[in-house]
Amino acid sequence: MDKLVKLGQDIIQLWSKYWPMYMNGVKNTLILALVATAIGCVIGLICGILNTIPYTKNDSLPKRFLLKLIRVLVRIYVEVFRGTPMVLQAVFIVYGLPYFTDNALRFNNIWVAAILIVSINTGAYMAESVRGGIISIDPGQTEGAKAIGMTHVQTMTSVILPQALRNIMPQIGNNFIINVKDTSVMFIISFTEFFAAHRYIVGVNNMYFPSATIEMIGYLTMTLIASFLLRLVEKLMDGSDSYELVQADQLTMAAGTYSHPDKGTPFDERSKEYRDRTKLALKNRNGSTRGGR
Amino acid sequence: MSEMILQVNHLSKSFGSHEVLKDIDFTVAPGDVTSIIGASGSGKSTLLRCINLLETPTSGEILYHGENVAGRGVNAAAYRSHVGMVFQSFNLFNNMTVLENCMVGQVKVLKKSKEEARVHAMEYLEKVGMAPYINARPRQISGGQKQRVAIARALAMDPEVLLFDEPTSALDPEMVGEVLNVMQALAQEGMTMLVVTHEMAFARDVSNHVVYMNQGLICEEGTPEDVFGTPQKQETRDFLSRFRRN
Ligand SMILES: Nc1ncnc2c1ncn2[C@@H]1O[C@H](COP(=O)(O)OP(=O)(O)O)[C@@H](O)[C@H]1O
Ligand SMILES: [Mg+2]
């Protein structure tokens, strides 16, 4: 019991002395995670889209070759960055670049280096998620779009990607949360995020455990808030479960909100189940792969 | 011959070594309502999908106003905007409302303004009786309603021909009628239609041309009176007798 009291006192002591440093770390961690997740999603989106451009035997040889090449390059990118620790990638880019170019190329801004590394990593994970999100949209909708003359790009931007994005929202959130935590390895390139603050502070006063407790609480608070916000966004994206019936001429249905909670055809059931199933599968797969990072 | 909208010559399609369509010839003239009947697996869907270039024919030509669209270097998207298709499984866009489903093609493909597209979409949604539901999403309406929206979506593109692939096969029996009524109304207005169907009453009473397909071949074709009244081939008689019994 007095141990807990002692811990409480130490935490208060540390916090009152160093809170600007901790808070600065929180700020840097959040900015880095947010920016890198956003850029990473864009990278993932581009890779996922490039990776799913369809081609048929009727396409010209150069086009088919180019698309094949793109797929191979994306594959290599994903495997390399998913298969190596981010902390080593950071070392490679920040210290390797000047080493190989005799200081001609180097990162003068540590922010640029950190954002670059985390973005590229996130992109590698998101590429697979986006690809999964795209191929989980039932091909019928693609055919429906083709049948009214929409091009591949139009089909993607108007029909497939909005739905794929909704389906991969859990993974985007997942990646953000992982980035909040995993940016802690960026101390290796002297980036002053939340964990670096801890390393500095305990280096000065040796209060390891109280400071680590502050870190734990800090990280948990950040990720919990992120989880909560993510749920909110998903809810908003799903839209309303009911719709307004537009009163036309002699139609006698009651005005106002009218919804079919479970009316439908066997087909409805199937497609809903299908969607839920793919969503779940995507979630599980991502959870297990990234959990290992 | 040039007044034909579509002219299919020696069309063949194989999936691997499986020859699904064998040397198909037929034509679609303006105002034709052609029903394609035949057993499951006889290649009816594949034929429609080839005509709409959703499948690439293995050989043969598909002439659209005399121009072959089955070769390389054809702008498939532009061609498809003239040849609408209605699917068995509706294939509505789940991220859009009923109204948006009927507008997106007009805006993106035909480059109409949103307002123009909305007015035009409403016209057809009213025609298929779905105007009250414009704000609903596909998951919120019944199968018959979905199919009527899908028809309105295709019509809103002002296609020259509409292809239907078993438009009522995925529907509960009580919803089949509402979709067939819409199709019959379209036929009476002179819409050119190519309909794969198991609804023999529709084929007999609404269409002016019936094609019976068997194992990738056009086995018999003619007016409904000929094909249903005096079928020439034994296969056709066998196929039709299966429907008479029930
Ligand atoms: N994408 C495909 N790959 C391989 N075989 C196919 C494909 N699509 C259709 N088939 C085969 O082609 C034959 C005809 O199919 P289909 O045109 O759907 O017939 P129908 O519509 O008359 O029932 C079937 O034997 C089917 O298995
Ligand atoms: Mg079929």
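Chain letters run A, B, ... following the sequence lines, proteins first, then strands; residues in each count from 1.
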From A:Ile117 CD1 over to A:Thr122 OG1, what is the distance, rounded to the nearest 0.5 angstrom? 11.5 Å

Pairwise distance OG(A:Ser129) to CE(A:Met169) - rounded to 0.5 angstrom: 12.5 Å

Does any backbone or side-chain atom of [X] lie under 4.5 Å from a heavy atom of chain A? Answer side chain, backbone, both or neither.
X       : answer
B:Phe87 : side chain
B:Val86 : neither
B:Asn95 : both
B:Leu92 : backbone

Applying salt bridge (Lys or Arg N to Asp or Glu O under 4.0 Å), run through A:Arg231 and A:Glu234 and close with a yes or a no. CA-CA 5 Å; A:Arg231 293 265 153 70; A:Glu234 281 179 36; 5.6 Å; no

Taking the basic N atoms (NZ, or NE/NH1/NH2) and the acidic carboxylate oxygens, is any pair closer than 4.0 Å for B:Lys127 and B:Glu123? no

Which residues from residues 99-107 of chain B are near chain A, with near meaning under 4.5 Å between non-hydrogen atoms? B:Val104, B:Gly105

When heavy-atom pairs shorter than 4.5 Å are enumerated against chain A, which of B:Pro159, B:Ala154, B:Ser81, B:Ala150 gives the highest number? B:Ser81

Counting only heavy atoms from other residues, nucleotides and ligands, does the tally under 6.0 Å from NZ of B:Lys13 exceed 12? yes

Can you tell me if CZ on A:Phe228 sees more than 12 non-hydrogen neighbours from other groups inside 6.0 Å? no

Between B:Arg139 (side chain only) and B:Asn94 (backbone N and O only), is there a donor and an acceptor less than 3.5 Å apart? no

Could you tell me whether the side chain of B:Thr168 and the main chain of B:Val176 form a donor-acceptor pair under 3.5 Å? no

Return each pair, listed once, that meets side chain to side chain donor-acceptor pair (under 3.5 Å) where at least one residue sits in residues 178-188 of chain B; pairs must be two or more places apart or across chains. B:Arg148-B:Glu178

Give me the atom names and distance for the closest heavy-atom approach of B:Thr192 to B:Gly31. OG1-N, 2.8 Å

Among residues 142-158 of chain A, those lying within the under-4.5 Å heavy-atom range of chain B are A:Glu143, A:Gly144, A:Ala145, A:Lys146, A:Ala147, A:Ile148, A:Gly149, A:Met150, A:Thr151, A:Gln154, A:Ser158

Can you list the residues that meet the ring-ring contact (aromatic ring centres under 6.0 Å, His included) rule with A:Tyr219, with sequence neighbours excluded? A:Phe194

No-hydrogen, no-angle side-chain donor-acceptor test under 3.5 Å, B:Asp165 and B:Gln88: no

